[in-house]
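What follows is a single structure, written as structure tokens, with notes after it.
All chains are named by letter (A, B, ...) in the order of the sequence lines, taking the proteins before the strands, and each is independently numbered beginning at 1. The figures here come from the full heavy-atom set of this structure, side chains too, leaving out hydrogens, waters and symmetry mates.
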Amino acid sequence: MTTRVRFAPSPTGYLHIGSARTALFNYLYARNVGGKFLLRIEDTDLARSTEESTRSILEGLEWLGFSHDEEIVFQSGNAGKHRAAALKLLEEGKAYRDFTPKGDPGEKNIKAAIVERARANQGEKHMRDNEFRDISKNESDKRAADGEPFAIRLKVPFEGKTSFDDAVYGLQERDFDEIEDLVLLRSDGHPLYNLAVVCDDIEMAITDVIRGQDHLTNTHKQILIYEALGKTPPRFAHLPLILAPGGKKLSKRIHGEIVSMTTYRDAGFLAAAFRNFLALLGWSAGEEQEIYRLAELIEKFSLDGIHRSNATFNFDANNERRWTDDKAIWFNAEYIRTLPIEDLLPHVVKELKSAKLWREEYEEDDAEWFAKTVDLIRERFYTLKDFSGQGRAYFSEDFDFDEKAVQKNLKKHPDLKEWLPELADRLESLDDWTHDPLYDLVSKFAEEKNTKVGVIMNGARALLTGLAVGPSMIAVFETLGKEKSIMRLKSRIAWNE
RNA sequence: GGCGCAUUCGUCUAGUGGUUAGGACGCAAGGUUCUCAACCUUGAAACAGGGGUUCAAUUCCCCUAUGCGCUACCA
């Protein structure tokens, strides 16, 4: 039987970082064993589900490069089948109608209400004391026929336990005492989550369910449904959660944009880098390697390598430099500087286009220059945004001068105001615009002015790029070319007092 | 309240009944350098606590603590 896994988000927001990792692991697992990776949108909660969320999630998945197999399944489209399943169980006596009026949680905190109710019961087991569990079929049918509203509950047996062998957490057992007669169908006819999931997973012939650990205890309920339906449950693998610093839940409400996949895309992350980072959050191949191309991830992925404890996504909301996990940023920088240049170029092109710095020549006559320049400047960049930010001076005459750079590298040495234009004149007569002659000329110039070559270099860098930091000055001369270099050396803009 | 799951440097993690408990990010120092990165070298940094079992426990068992999850006619 071929392996079939699914990623099943509910469209109530953008693609969350934890969901993204669940999708990743499902994807890697499927590709590793040569199975199918399916997508199901769990849009049964119509009040909260939006088309926009669905779109955003799909966008996120696409960005990450997880292509799904087969058609996307929308859970809402299967409500009829879910209802039929509940009715079938009712017919077979494996479920019953509960005519208890629907309770109204109102504005009360749901968690508090649960605890309150449990405390009232003081540890007594009240799982099977529903008064409608054992009423006669006749009475049940009659009340239903009279139009009395009811929910359908699964009839969980008195004695016994469910068990399953989780691929991550090992053998899990749960006594029936701990499981209430769960509602399958609401009194308004809508199926509940546990029923819907089981029905859809059966329908989609899912063989392995890989999902967040928050479903670990619910799995027992789902197994009961599988059994009632006469189906064999799939294999389960539960994933540890990704938490915020301090061990708290990572939520969009509290932590905002940082949990959204689109944030990373828009911040200039490479999907490959983020994917790599995500893969190592809760999974390890058991070796010291950390950089994995997608093909390698697929090849090495195994459920055995999944951790059992939750991971913290480490960031500091109060520190701009640490707006997201340091290691994620490191991965991105590492990818930017080590990717084969031809793989990086399309991303830079896109960035320059969106920053209005793009010129068609970069793809034509100046293609070689473009590749060389990107290669030169990428080494100290962290995100794709840097190509249009710090890298602006390489692609445009319209760039800003960093005030600190001007102070430190130009104004602190007032002589440079005369020297640099003078250097420009010298350069004018240089025919061979390559490293050695350039270096010779500049160092001779410095010697002549009785100053350190660094003073000239740093001053020139500030004038030519607007920054105090950047590639070797000679390399900047080379890449900018004679004309622009001379022009900028003579420019007075930066000196503007 | 009940039930479940977890706990190795700040973070991500490797690992084992006997190890100097390893790596990565970050941090610090030094080297290199026209600056900043990169790179190289070095450093600080961890087995939650208490009981067992054992010749030996970070590793196995129990308890406690802490965190997380579930406990809903939410998903």
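Just one of Phe236(A), Tyr169(A), Tyr193(A) meets the ring pair (Phe, Tyr, Trp, His ring centres under 6.0 Å) condition when paired with His215(A); it is Tyr193(A). A ring pair (Phe, Tyr, Trp, His ring centres under 6.0 Å) with Phe269(A) holds for exactly one of Tyr335(A), Tyr382(A), Tyr264(A); it is Tyr264(A).
Using a 4.0 Å heavy-atom cutoff across all strands shown, Arg211(A) reaches no nucleic acid atom at all. Using a 4.0 Å heavy-atom distance criterion, Tyr193(A) is classed as a base contact. Using a 4.0 Å heavy-atom criterion, one finds that Asn218(A) contacts the bases of the nucleic acid, with or without backbone contacts as well. No engagement by Pro245(A) is indicated, since no non-hydrogen atom pair under 4.0 Å with the nucleic acid exists. Among the protein residues, Gly212(A) comes within range of no part of the nucleic acid, since none of its heavy atoms lies under 4.0 Å from any strand. If you check every strand for non-hydrogen atoms under 4.0 Å, Ser187(A) touches a base. Across all strands shown, Thr217(A) has heavy atoms under 4.0 Å from base atoms, whether or not it also approaches the sugar-phosphate. In this structure, Arg461(A) reaches the bases: a heavy-atom distance under 4.0 Å links it to at least one base atom across the strands shown. Within 4.0 Å of Leu192(A), counting heavy atoms only, lie sugar-phosphate atoms of the nucleic acid but no base atom. Within 4.0 Å (heavy atoms only), Lys249(A) reaches sugar-phosphate atoms of the nucleic acid but no base atom. If you check every strand for non-hydrogen atoms under 4.0 Å, Thr44(A) touches sugar and phosphate atoms only. Across all strands, Ala311(A) comes closer than 4.0 Å only to sugar-phosphate atoms, never to a base (heavy-atom distances). Residue contacts for Glu290(A): at a heavy-atom cut-off of 4.0 Å it reaches a base atom on one of the strands shown. In this structure, Glu379(A) reaches the bases: a heavy-atom distance under 4.0 Å links it to at least one base atom across the strands shown.
Residue Arg321(A) places at least one side-chain N or O under 4.0 Å from the OP1 or OP2 atom of C27(B). When the side-chain nitrogen and oxygen atoms of His238(A) are compared with OP1 and OP2 of G69(B), none of them lie within a distance under 4.0 Å. Using a 4.0 Å cut-off, some side-chain N or O of Thr312(A) falls inside it from OP1 or OP2 of C12(B). Contact check, Lys102(A) against A72(B): no side-chain N or O comes under 4.0 Å of OP1 or OP2. In this model, the phosphate group of C74(B) is not approached by any side-chain N or O of Arg48(A) to a distance below 4.0 Å at OP1 or OP2. Proximity of Lys248(A) to the phosphate of C68(B): a side-chain N or O atom is located under 4.0 Å from OP1 or OP2.
The aromatic ring centres of Phe387(A) and Phe381(A) sit less than 6.0 Å apart. The aromatic ring centres of Phe164(A) and His220(A) sit less than 6.0 Å apart.
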Legend entry - Residue pair Asn130(A), Asp181(A): steps toward the side-chain hydrogen bond (donor to acceptor under 3.5 Å, both in side chains) verdict: CA-CA 8 Å; Asn130(A) 189 301; Asp181(A) 286 346; over 6 Å; no
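Within the 4.5 Å cutoff, the side chain of Glu296(A) has heavy atoms near those of the Gln289(A) side chain.
Comparing Ala151(A) and Trp283(A) by the nucleotide of RNA chain B that holds the closest heavy atom to each, the one mapping nearer the 5' end is Trp283(A). Toward the 5' end of RNA chain B, the nearer of the two residues Gln172(A) and Gly454(A), judged by each one's closest nucleotide, is Gln172(A).
Separation of the P atoms belonging to G49(B) and U66(B) is 15 Å when rounded to the nearest angstrom. For the P atom pair drawn from G43(B) and G22(B), the interatomic distance equals 11 Å after rounding to whole Å. Comparing the P positions of U42(B) and U35(B) gives a spacing of 24 Å, expressed to the nearest Å. Between U53(B) and G69(B), the distance separating the two P atoms is 37 Å to the nearest Å. Comparing the C1' positions of U58(B) and C39(B) gives a spacing of 35 Å, expressed to the nearest Å. Of the C1' atoms belonging to G26(B) and C9(B), the separation is 12 Å, rounded to the nearest Å. Rounded to whole Å, the separation between the C1' atoms of C74(B) and C63(B) comes to 36 Å. Separation of the C1' atoms belonging to C27(B) and G10(B) is 9 Å when rounded to the nearest angstrom.
Within a 6.0 Å sphere centred on CD of Glu320(A), heavy atoms belonging to other residues, nucleotides or ligands number 12 at most.
In terms of heavy-atom proximity, Leu467(A) sits nearest to Arg461(A) at O-CG, 3.5 Å. Of all non-hydrogen atoms in Ala151(A) and Val183(A), the two that sit nearest each other are CB-CG1, 4.1 Å.
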Name each donor-acceptor pair under 3.5 Å that joins a side chain in residues 5-15 of chain A to protein atoms two or more places apart or in another chain, with its distance.
residue	atom	partner	partner atom	Å
Arg6(A)	NE	Asp201(A)	OD1	2.9
Arg6(A)	NE	Asp201(A)	OD2	3.4
Arg6(A)	NH2	Asp201(A)	OD2	3.0

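G4(B) is paired with C68(B) under the criterion used here, namely a Watson-Crick or G-U wobble arrangement in which both key atom distances are under 3.5 Å.
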Inset, instruction - Using a 4.0 Å heavy-atom cut-off, write out nucleotides 42-48 of chain B from 5' to 3' as B (base contacted by protein), S (sugar-phosphate only) or - (no contact). - result: -------
